[in-house]
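Proteins get letters first, then strands, A, B, ... in listed order; numbering begins at 1 in each.
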Amino acid sequence: MITELEMGKAESELELGLGLSLGGGTAAKIGKPGGGGAWGERGRLLTAKDFPSVGSKRAADSASHAGASPPRSSQVVGWPPIGSHRMNSLAAKSAREEEEAGKKKVDDDEPKDVAKKVQVGFIKVNMDGVAIGRKVDLNAHSSYENLAQTLEDMFFRSKPGTIGLTGQFTKPLRLLDGSSEFVLTYEDKEGDWMLVGDVPWRMFTTSVKRLRVMKTSEANGLAARHQEPNERQRKQPV
Amino acid sequence: MDLRLPSKVLEHIFSFVDSNEDRNSVSLVCKSWFETERLTRKRVFVRNCYAVTPAAVARRFPGMRSLTLKGKPHFADYNLVPDGWGGYAWPWIEAMAEKSPSLEELRLKRMVVTDECLEKIAASFKDFKVLVLTSCEGFSTDGLAAIAVACRNLTELELRECIVEDLGGDWLSYFPETLTSLVSLDFSCLDSEVKLSDLERLVSRSPNLKSLKLNRAVSLDALGSLLRLAPQLVELGTGSFSDKLDQEAVSKLAQVFTELKELKSLSGLWDVLPEYIPLLYSVCPGLTSLNLSYATVQMPDLVELLSRCSNLQKLWVMDLIEDKGLEAVASSCKELRELRVFPSGADVDETNVAMTEQGLVSVSEACPNLESVLYFCAQFTNAALATIAKTRPNLKCFRLCVIEPFAPDHKTHQPLDEGFKAIVESCKDLQRLSVSGLLTDKAFEYIGTHGKKLRMLSIAFAGDSDLMLHHLLSGCESLNKLEIRDCPFGDTALLENAAKLETMRSLWMSSCGVSFGACKLMSEKMPKLNVEVIDEHTPETRPDSSAVEKIYIYRTLAGPRLDMPEFVWTIHKNPEIGVSHLAIE
């Protein structure tokens, strides 16, 4: 009976490539295509062709920006963990409700999201390359700096030695000043995507529908503070 | 002095040993006990169909009458196991047909069952009585017809949440007029309408019928006439509960329900209209099990219904019940043992916000026998978990699914580490646990320290590092099944605790950071494990350090399996042969 694994040369070779400092040789960058990369793959969605599609088919996002709409929870395979019979039943019920709502609808400007039971003050935040969205309570924040800090903690967890959602050690992101790889954008009630920070905070909180942490390079065409993306920050283990 | 008991005496003694866990212990005592036990074992359970070969099982237990098999890993229920992975029933049925033709009962879970399999069963086992298929797929209603026509002594035919190619409702008419032995029939997962007259005749000639679960296509009207023919039913799954009936029909139906004096279990109730719920009131006091998880009943109606169910032990319901409804359950259903609350929408946005952690707390505080919980909820708190832990130390199964991944305690914004710590510290007999919400490595340190009786653990979107896995594998002594998805650990903990895996049934990891190199190493060093890599890309074309998509590791006596599809890779024990789809001895 093997009680202790013989760690031979093979294992030390493995250790060089891996270990907890996942920023090393396999440097998984966000949005890197295809396989490879250790932890950075966390945000990767499995390809649709491997799996039968489940869950309700949502109406396409009305976002008017360039680039793909952020993935929603229901697009993540197998989440929430409901058996397929139940999932199909919910999807059928959802489709029936949408059909009935469609028949009843007279004149409807209102974005669908508002009609649903969304927790007051909480809005969804998605980040490019990360499958699972989060929610943030706007009522718990008093300024843009506040909000940016929360999002940085959420997605990048800047405490040394820990791994955030994106699995990398990074310096604080500075989402607001255009100097980093990412910018913070939001969709307003009219369905337009804008850079966060241009309007007074109060006005922002009343008009924001949801947030997206977008790659700076894709933020072309959004208003105001567009800058050349700086040289990529090196991802260094502490 | 020869102290051995004659085998006849041993046989007699062993006939009192029912549980297979005890029988397994008995068979380890000595050779003669092993021999006697194996010759007398009637019910065989193989919980991983790839852990042992059909031939070996047939050889060891020649007196087998009942076989239970499980195939795919549990996460297959959530579409995480690609189609074609495996779990084929055919090799088992073929082997038993040849070596155990006296087989009477077959129970299969998460397996691929073809029409050919069903035809083989029908043709090979002369005294076949029981077929129960749970979460199976691969067959059509033609296969059911084969069973119906040939199994003269059939007592149970149950299809639970199977995916069946539905070619129509004719299959039911294949039960011969001479078949009068039916005790249980469950076709609730089928779509097509069966002929009512055939069903009525079948029910009429089945005096032993105790359990009948209809599919959605059976109308309310039809239900009435069926119940008139079978007032002795103990378990009923209704069809659709939504046709518009006139007043006279409704009162006749109400009358029929009052005749169901033996009814203990009720399910189905698809599309139930609120005005029909009072029809059920007469059976409520006798119910021990109620499955409303497909019934879109709103809270007020649920309260009316459940407040009459004072003997209820098992309740499955949707989150439409809300906190208020669960409070009603807490005050009325004091015998409750099992509660499952399912989401009424597939996305976080659709979660019923009127159902919070408070609902579960109410039930935990008030129902002393509550031991099994499955609860889907938008968010939770550490305080609620602590209260549940304190009031219900007798919990055996606790599965909490906070639907939004990484959701912290919504009041304190802290991770749910402390809450789950309370659960595992207090519930000393906890055998099954599913965790969710924002969790750091600390949560898993607590689980490793206190979860000594934990047998099955399910984890998603949690933890920070390898420590998480290390705590679990080194701490949870009774761990049997571990399934993990989307957690940030790599190879280190897995390799350091590799020996643990031989004491477990299986380990599933998907979208984690385990590398192909680690899989190869484990496969080479651990001969009693099958290390299966499920990945659409050929592992060999990528560096050893690259993470693989999914890994399924299980202990086995049968060696690598021969029926793997092209996306499942196993590493041959002989490193020179390397990676292959087939084990070439």
Side-chain angles (χ1 to χ4, degrees), chain A residues 1-7 10-11 13-15 17-20 22 25-26 34-39 41-42 44 46-47 50-52 54-56 58 72-74 77-87 89-91 93-94 113 116-119 124 132 134-135 154 162-163 165 167, chain B residues 75 77-80 82-83 135 161 163 189 293-294 296 342-353 376 378 401 403-407 458 460-461 464-466 485-486 488 490-492 495-496 498-499 502 511 513 515 517-518 521 525-526 535-537 542-547 549 567:
Chain A
M1 187 71 169
I2 299 172
T3 50
E4 229 183 49
L5 213 52
E6 285 171 84
M7 302 297 194
E11 198 247 356
E13 278 171 349
L14 284 173
E15 270 190 344
L18 303 153
L20 299 174
L22 292 168
T26 55
W39 186 233
E41 294 300 341
R42 183 181 188 173
R44 179 184 57 158
L46 299 161
T47 57
D50 285 339
F51 308 106
V54 288
S56 48
R58 314 307 303 251
R72 305 177 66 125
S73 286
S74 57
V77 176
W79 194 261
I82 313 171
S84 38
H85 263 266
R86 209 170 285 285
M87 194 64 106
S89 180
L90 290 179
K93 178 169 75 83
S94 197
D113 287 2
K116 291 202 208 81
K117 301 172 199 133
V118 176
Q119 288 131 343
K124 267 206 144 147
I132 306 294
R134 301 289 302 272
K135 277 197 169 165
M154 236 182 225
T162 63
I163 300 165
L165 272 181
Chain B
F75 272 0
D77 285 355
Y78 315 130
N79 288 311
L80 289 177
D83 275 348
S135 302
E161 314 250 304
I163 300 178
C189 63
S293 63
Y294 286 99
T296 47
F342 295 95
S344 52
D347 196 1
V348 193
D349 285 342
E350 293 175 45
T351 317
N352 191 340
V353 291
F376 283 82
C401 179
I403 299 182
E404 192 200 332
F406 313 116
S458 310
F461 308 112
D464 301 315
S465 73
D466 273 72
R485 64 165 294 179
D486 293 89
D491 299 336
T492 316
L495 293 174
E496 268 175 22
E502 279 184 359
S511 304
S515 75
L521 192 61
K525 301 287 182 190
M526 316 289 299
D535 200 314
E536 53 168 346
H537 303 109
R542 301 196 328 232
D544 272 7
S545 55
S546 61
E549 285 175 13
F567 52 82

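For the residue pair B/Phe376 and A/Pro81, the shortest heavy atom distance occurs at CZ-O, 3.3 Å. Scanning all heavy atoms of the two residues, the minimum distance from B/Cys189 to A/His85 falls at CB-CE1, 3.6 Å. Minimum interatomic distance between B/Asn79 and A/Val77 (heavy atoms only, all atoms of both residues): O-CG1, 3.5 Å. Between A/Leu90 and B/Ser344, the shortest heavy-atom contact is CD2-O, 3.4 Å. The two atoms that bring B/Pro405 and A/Trp79 nearest to each other are CG-NE1, 3.7 Å, heavy atoms only. Closest heavy-atom contact between B/Pro343 and A/Ile82: CG-CD1, 3.5 Å.
Under the 4.5 Å side-chain criterion, counting only non-hydrogen atoms from C-beta, B/Asp77 is not in contact with A/Ser84. In this structure, B/Tyr294 and A/Arg86 have side chains that are in contact, with non-hydrogen atoms separated by less than 4.5 Å.
Contacts of B/Ser458 with chain A are absent, with no heavy-atom separation under 4.5 Å from either backbone or side chain. In this structure, no portion of B/Phe75 lies under 4.5 Å from any heavy atom of chain A.
The most heavy-atom pairs under 4.5 Å with chain A, out of B/Ala407, B/Ala460, B/Ser293, B/Ser135, come from B/Ser293.
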